[in-house]
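Inspection log for the structure reproduced underneath, given as structure tokens.
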There are 2 protein chains.
Amino acid sequence: MKDSDGGAGHPAPRKRADARRNERTLLDAAAAVFVTSGVEAPVRDIASRAGVGVATIYRHFPTRAALIIAVYRHQVEACAEAGPALLASSASPHAALARWINLFVDFLVTKHGLAAVLQSDDAGFDTLHAYFLDRLVPVCAQLLEAAAVAGEIRSDVDAYELMRGVGNLCIGADNNPRYDARRLVELLISGLRLPR
Amino acid sequence: MKDSDGGAGHPAPRKRADARRNERTLLDAAAAVFVTSGVEAPVRDIASRAGVGVATIYRHFPTRAALIIAVYRHQVEACAEAGPALLASSASPHAALARWINLFVDFLVTKHGLAAVLQSDDAGFDTLHAYFLDRLVPVCAQLLEAAAVAGEIRSDVDAYELMRGVGNLCIGADNNPRYDARRLVELLISGLRLPR
DNA sequence: TAACGATAGGGAACGTTGTTCCGTTTGACA
DNA sequence: TGTCAAACGGAACAACGTTCCCTATCGTTA
């Protein structure tokens, strides 16, 4: 975790005012374009929406993954932090798990194309991949562990695999009335129950 | 179903010999390139592998979807026909369903990138999408119906949704030792069981 | 067998994307 | 106010899908 601005950051020479202004402008523009055209919208679209040149995007966000991470960082953090909270407030670990997964699914299906890009094996998205996984897999693992200890689910489920699976199920879930990712994820989660 | 060649096809003026030869050559080249570079390999790669110009590809296969369908048609047909056979030979409808889904998963995970393209909302892949769905959803529906009648699974599962879900779970399953689509699909299928 | 017309082919050309480069502008500080 | 590094804009490059047009070839017929 690097200090973004506040604090006594010695090696952070503080960027120029126009640079910081443009960074904010770009984040807003990207967020807006992502909503309408998906996270794979052309770079030029984002640039022109922000009123800057394309090079400015690359200067601030060296890869598209970095831009996507910056746009959604807050929501991912919130999701990650909700895990322990749900575990504390829910009736059972399995209920907490189910609700947390729902949170994640809600996040994904409302971000046009994000789920698809998240599973892409394009090398450019490696850091995006890594960020989501690093942040969320441990939370998922904690919930799985608690539910397993409580004897509610089988104990041979890998958190990484489950997160990938849930992410996959969310692909194409937007604007398709015949495909409801939530329902399938529920099915998957109920498949976690101890066979008997 | 249109007659490919044999039979008394009146409106089929029989293509020129070089055209038929190139079509076969292209199918072979495409199959080979798909194996090494995935189904989204550059058109030029396929053309040069076949020793023809790019326009020749478009003349025979107007869209990439058409080419993919042509390459995998046999295997898809075999999978579709295996459904009723499994239903007849398995101990229970649920077992038949599980085995049939496994067949489908095995097919998908061995075709580099096919699962991803199958769920893509790119308009160019609509016909590919439609072909797979038209051919396989009815088979799946039949198996689901039989299992539901036998009281083995819940009856509120939509075949289309299940097929999409299984297809989604297969995305990125190749060359990733930490992600086993088969395991997750099994979880999903076991989630189909009647809650009790 | 030679000539002809339609069929099919090859590769250049076009449009769209991501990415990089370079000359110009601008903010920060003395 | 002058200087200079930081930041900018847009042109330029590369890779891709797709189309176009001229040429080569096949099948037929005289």
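Every chain is numbered from 1, with letters handed out A, B, ... down the list of sequences.
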In whole angstrom, give the distance that lies between atom CZ of A:Phe61 and atom P of C:dG18.
16 Å

With a cut-off of less than 4.0 Å, is there a side-chain N or O of B:Thr56 near OP1 or OP2 of C:dA8?
no

Give a yes or no answer on whether the side chain of B:Arg64 reaches the backbone of B:Ala41 with a donor-acceptor pair at less than 3.5 Å.
yes

A:Ser90 side chain to A:Leu87 backbone, donor-acceptor under 3.5 Å
no

Measure the distance from CG on B:Asp45 to P on D:dC16 and round it to the nearest whole Å.
7 Å

Which part of the nucleic acid, if any, lies within contact of B:Ala50, taking any heavy atom under 4.0 Å across all strands shown: a base, the sugar-phosphate backbone alone, or nothing?
nothing

Interatomic distance, A:Ile57 CD1 vs C:dG18 P [rounded to whole Å]:
9 Å

Base, sugar-phosphate, or nothing: which does A:Ala19 touch, judged by heavy atoms less than 4.0 Å apart?
sugar-phosphate

Do the non-hydrogen side-chain atoms of B:Ile101 and B:Val105 ever get within less than 4.5 Å of each other?
yes

Round to the nearest Å and state the distance from A:Arg59 atom CZ to D:dC8 atom C1'.
6 Å

Backbone of B:Phe34 reached by a side-chain donor or acceptor of B:Ser37 within 3.5 Å
no

Using the six-membered ring wherever Trp is involved, compare the ring planes of A:Phe107 and A:Tyr72 and label them parallel, tilted or perpendicular (cut-offs 30° and 60°).
perpendicular

Nearest whole Å is fine: how far is C:dT7 P from B:His60 NE2?
14 Å

C:dA8 phosphate, OP1 or OP2: any side-chain N/O from B:Asn22 under 4.0 angstrom?
no

Out of the candidates B:Thr63, B:Val43, B:Leu67, only one should pair with B:Tyr58 under the side-chain contact (heavy atoms from CB on, under 4.5 Å) rule; please name it.
B:Val43

Whole angstrom value for the distance that separates P of D:dT18 from CG of B:Leu67
12 Å

Of all the nucleotides listed (C:dG18, C:dC21, C:dA8), which has the minimum atom distance to the side chain of A:Tyr58?
C:dG18

Do you know the tightest heavy-atom contact between B:Lys15 and B:Arg20?
O-NE, 3.7 Å

Enumerate the protein-to-nucleotides 27-30 of chain C contacts in which both atoms are nitrogen or oxygen and the separation is below 3.5 Å.
residue : atom : partner : partner atom : Å
C:dA28  : OP1  : A:Ala17 : N            : 3.1

Does a side-chain heavy-atom distance below 4.5 Å link B:Asn22 with B:Arg59?
no

Regarding the side chain of A:Val54, the nearest nucleotide among D:dG10, D:dC8, C:dG10 is D:dG10

Rounded to the nearest Å, what distance is computed from the CD atom of residue A:Glu40 to the P atom of nucleotide D:dC16?
16 Å

Specify the separation, in whole Å, of atom CD1 of B:Ile46 and atom C1' of C:dG11.
17 Å

Restricting to nitrogen or oxygen on both sides, can you table the protein-nucleotides 14-16 of chain C pairs closer than 3.5 Å?
none

Search all heavy atoms of B:Arg178 against all heavy atoms of A:Asp158 and return the closest pair with its distance.
O-OD2, 4.3 Å

